[in-house]
2 protein chains.
Amino acid sequence: MASKSAPRATYAEIAKTAGVSEATVSRVLNGDENVHPDRTKAVNAAVKKLGYKKHRAASALASGRTGLIAVVIDDDLSIFADPFWATVTSGISRVLMENELQTLLMVTPLESVDGPVAHYLMGGEVDGAIFFQLHKDALIKRLRKQNLPIVITGTPHSRSDFPFVDTDSFGGAHAATKHLFSRGCRQVGIITGDIDTTAGAARLDGYNQAYRESGHVPSKKLIASGDWSMESGRAAMARLLEKAEGIDGVFASNDLMAVGAMAAIEEAGLRVPEDIKIIGFDDSVVAQTARPALTSVRQDIVALGEAAAELMIAQLRGEEVQPRILKSELVIRETT
Amino acid sequence: MASKSAPRATYAEIAKTAGVSEATVSRVLNGDENVHPDRTKAVNAAVKKLGYKKHRAASALASGRTGLIAVVIDDDLSIFADPFWATVTSGISRVLMENELQTLLMVTPLESVDGPVAHYLMGGEVDGAIFFQLHKDALIKRLRKQNLPIVITGTPHSRSDFPFVDTDSFGGAHAATKHLFSRGCRQVGIITGDIDTTAGAARLDGYNQAYRESGHVPSKKLIASGDWSMESGRAAMARLLEKAEGIDGVFASNDLMAVGAMAAIEEAGLRVPEDIKIIGFDDSVVAQTARPALTSVRQDIVALGEAAAELMIAQLRGEEVQPRILKSELVIRETT
DNA sequence: CTGAAAGCGCTTACAG
DNA sequence: CTGAAAGCGCTTACAG
């Protein structure tokens, strides 16, 4: 049932063909500096000759290090539509692999701090865990208390000392809003995402800041709230059209809501970008397929994953780590 | 550096508190039937009391079973835009977890049969591997020769005996084409995907079959080839508009090409669905955000992942497995 | 800089 | 149905 693989080499054989002890083999394979160059060479040669690959389980049992990093993804429905985590994870996986670490993927509901995932993570089965933006910090706090290296993708709520990586939502929203003004808009509205998320709040802040820098104060009427869904964007836009007379630009906090807003604008008999200019956030495939094609704030999602992996590796090395905020970039298409 | 986790319980402690030998503990924990119920009960109680979790590395070293299933994803660019593999993988992960197996994610270029991934998989580091539609079978053949359980997501080229799971592309294309006829279309075209892929070929076959059933033979002029990209769909549609006079329906082999086709139709001054009806395949987010919203063939992608995991588990149990083809479903929206 | 030896926490013939 | 014992393939004080 299990693989009847070719008989694999062990330390014993390497030690014999290199003429050293198994302890020395171990030292060389673990990068111990204090080994005579000649022996190092001999061991490396034997390793190559025998096509040796270290047995992970044996190594893990003896050393306590598993070589496995968990990537924990909250299993709510949004992941089924959203390529975001997949892309981040591919960046994570690549960097981990380069560092001889493997990615253990756990897609699971996180409701319970005492769920199977929690047990697993606390049981020393992995060397570290990377989480996607979570709402409850309880689990993470517990894991940290046990000295399990943690990285969070997305900004955590409680600005505790969790290492995290995120895209600069504030900066992206700020740039988007400024761009609308520079294109001649006078009344720029915003469709917010869920304001209880840090990303939702930061994008609103960026909008407000840019508005103030333009010398005006955004009227409450220009702010409509959505929940990241296309439908909420459509409804929010309909409200803006009704309340905010003269509105001629809209920053939607993600692409899906932007596309919903475009539908509402069209339904009202207005045109994009002639009557109302619009910008989304994420530069997802939806932005590219929209007609007119949607101007959007691009996050470098692969880089986000790579940064997360790098923070993890730094912690594994015992280094102090700082949060990492990645720049976003405005991709200008036809809606502005 | 490694987690300084709470001292975990071991067999020794369980054996002591349950009043049995470690061998018996092992038997109970591995579901051995031949243990006296009383002892079984005692062991289970001790496990619960001590909050015991089996140490995976130790178990793997002793038994040769790692409890890890690799999910291998070819790292070409398409994955960055396509939520498909992410969704499949979430289905896989869920089912594996329920069966006490973990998902080891490997995102990597597969170019070399002798790459690090190959070594890893052949080194007995995992109990099985699930692949996403691959072009070269060499690696997989080698792994099978070593009795490594394999599942392929997507139909393999060489109809060898690899266990695979796939959505019924033929049936979906067939239903889509029939639906266009039933909506009154007379000249139904197809925009194919990459015809060298099994999915691309099967969708074309389904179209041809439905066409013939309608009592006609599809003219060559009604067939335009794309490469799954939006841009290729746009170009293919432009060609159809030029060559296939009177075309009034199009089945595009995926949503992205359908959206491209819609753009081309609009650019030609025609309307969807009044002048030309159109159907996509995948029912992706793009189908939902398109205007008019795109009728599309839905695959149950999560179910695909679950089926893949189930085939893997069956193999692990030593059962014979058959390929699994999942039904697709037409989701009717505004373009037909 | 190096080796002999103990040990990591399970599993599994083997003998009963 | 059960236990004593050997062993899985590494790592790591310890002593030199």
Side-chain angles (χ1 to χ4, degrees), chain A residues 1-44 46-47 50-68 100 123-125 127, chain B residues 1-44 46-47 50-68 100 123-125 127:
Chain A
M1 230 162 321
S3 82
K4 180 150 282 165
S5 41
R8 56 187 299 157
T10 64
Y11 271 19
E13 300 169 55
I14 296 180
K16 186 183 295 181
T17 94
V20 300
S21 72
E22 292 190 27
T24 294
V25 174
S26 178
R27 289 189 185 105
V28 171
L29 263 43
N30 291 310
D32 188 328
E33 305 277 276
N34 301 328
V35 176
H36 188 95
D38 287 353
R39 295 180 193 259
T40 302
K41 226 174 284 175
V43 169
N44 284 142
V47 163
L50 300 174
Y52 175 78
K53 277 284 291 170
K54 185 144 56 177
H55 188 112
R56 186 174 301 277
S59 174
L61 178 56
S63 72
R65 280 172 262 110
T66 62
L68 258 29
E100 314 210 287
E125 305 282 332
D127 292 347
Chain B
M1 227 160 326
S3 83
K4 179 149 283 162
S5 41
R8 55 187 302 157
T10 65
Y11 272 19
E13 299 170 55
I14 296 180
K16 186 183 294 180
T17 94
V20 301
S21 71
E22 293 189 27
T24 295
V25 174
S26 178
R27 290 189 184 103
V28 171
L29 263 43
N30 291 310
D32 188 328
E33 305 276 276
N34 303 327
V35 176
H36 189 95
D38 287 353
R39 296 181 192 260
T40 302
K41 226 175 284 175
V43 168
N44 285 142
V47 163
L50 299 174
Y52 175 79
K53 277 284 290 171
K54 186 144 53 179
H55 187 112
R56 185 173 302 275
S59 173
L61 179 57
S63 72
R65 280 172 263 109
T66 62
L68 259 28
E100 314 209 288
E125 304 283 331
D127 292 347

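Heavy atoms only: backbone and side chains are in, while hydrogens, waters and symmetry mates are out. Here is the naming used below: chain letters follow the sequence lines, and residue numbers restart at 1 for every chain.
Within residues 26-36 of chain B, the residues that place at least one heavy atom under 4.0 Å from DNA chain C are, in residue-number order, B/S26, B/R27, B/N30. Annotation: proximity of residues 10-18 of chain B to DNA chain C (heavy atom, distance under 4.0 Å) is found for B/T10, B/Y11, numbered in ascending order.
If you take NZ of B/K41 and C1' of D/dC1, they are 16 Å apart, rounded to a whole angstrom. With rounding to whole Å, B/L61 atom CG is found 14 Å from D/dG7 atom P. For the pair B/K54 NZ and D/dC8 P, the computed distance is 19 Å after rounding to whole Å. B/E22 has its CD atom 11 Å from the P atom of D/dG3, to the nearest Å. For B/R65 and C/dT11, the CZ to P distance is 8 Å, given to the nearest whole Å. Going from atom CD of A/E125 over to atom C1' of C/dC10 covers 12 Å, rounded to whole Å.
With rounding to the nearest 0.5 angstrom, the CD1 atom of A/I14 is 10.0 Å from the NZ atom of A/K54. With rounding to the nearest 0.5 angstrom, the CZ atom of B/R56 is 8.5 Å from the CG atom of A/L68. To the nearest 0.5 Å, the span separating OG1 on B/T66 from CG on B/L61 amounts to 12.0 Å. With rounding to the nearest 0.5 angstrom, the CD atom of A/E22 is 10.5 Å from the NZ atom of A/K16.
Nucleotides C/dT12 and C/dG16 have their C1' atoms positioned 16 Å apart, rounded to a whole Å.
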- Any chance you could lay out the side-chain contact (heavy atoms from CB on, under 4.5 Å) test for A/K41 and A/N44, step after step, and finish with the verdict? CA-CA 5 Å; A/K41 226 174 284 175; A/N44 284 142; 5.9 Å; no
**Report entry** Intermediate values then yes/no, side-chain contact (heavy atoms from CB on, under 4.5 Å), B/T24 and B/H36
**Finding:** CA-CA 10 Å; B/T24 295; B/H36 189 95; over 6 Å; no
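In DNA chain C, runs of at least 3 consecutive Watson-Crick or G-U pairs, each pair with both distances below 3.5 Å, span C:1-3 with D:14-16, C:5-12 with D:5-12, C:14-16 with D:1-3.
When every heavy atom of A/A57 is checked against every heavy atom of B/A60, the shortest pair comes out as CB-CB, 3.6 Å. Summarising the geometry of A/G64 relative to A/D127, their closest heavy-atom pair is O-OD1, 4.2 Å, with the distance given to 0.1 Å.
At the phosphate of D/dT11, neither OP1 nor OP2 sits under 4.0 Å from any side-chain N or O atom of A/R56. When the side-chain nitrogen and oxygen atoms of B/S21 are compared with OP1 and OP2 of D/dA4, none of them lie within a distance under 4.0 Å. Contact between the side-chain N/O atoms of B/S63 and the OP1/OP2 oxygens of C/dT11 is not found at any separation under 4.0 Å.
For the pair B/H55 and B/T10, the minimum side-chain heavy-atom distance is 4.5 Å or more.
Here C/dG3 is the nucleotide among D/dG9, C/dG3, D/dT11 with the atom lying nearest to any side-chain atom of A/V20.
Sequence order on DNA chain C of the closest nucleotides to B/A23 and B/A57 puts B/A57 first from the 5' end.
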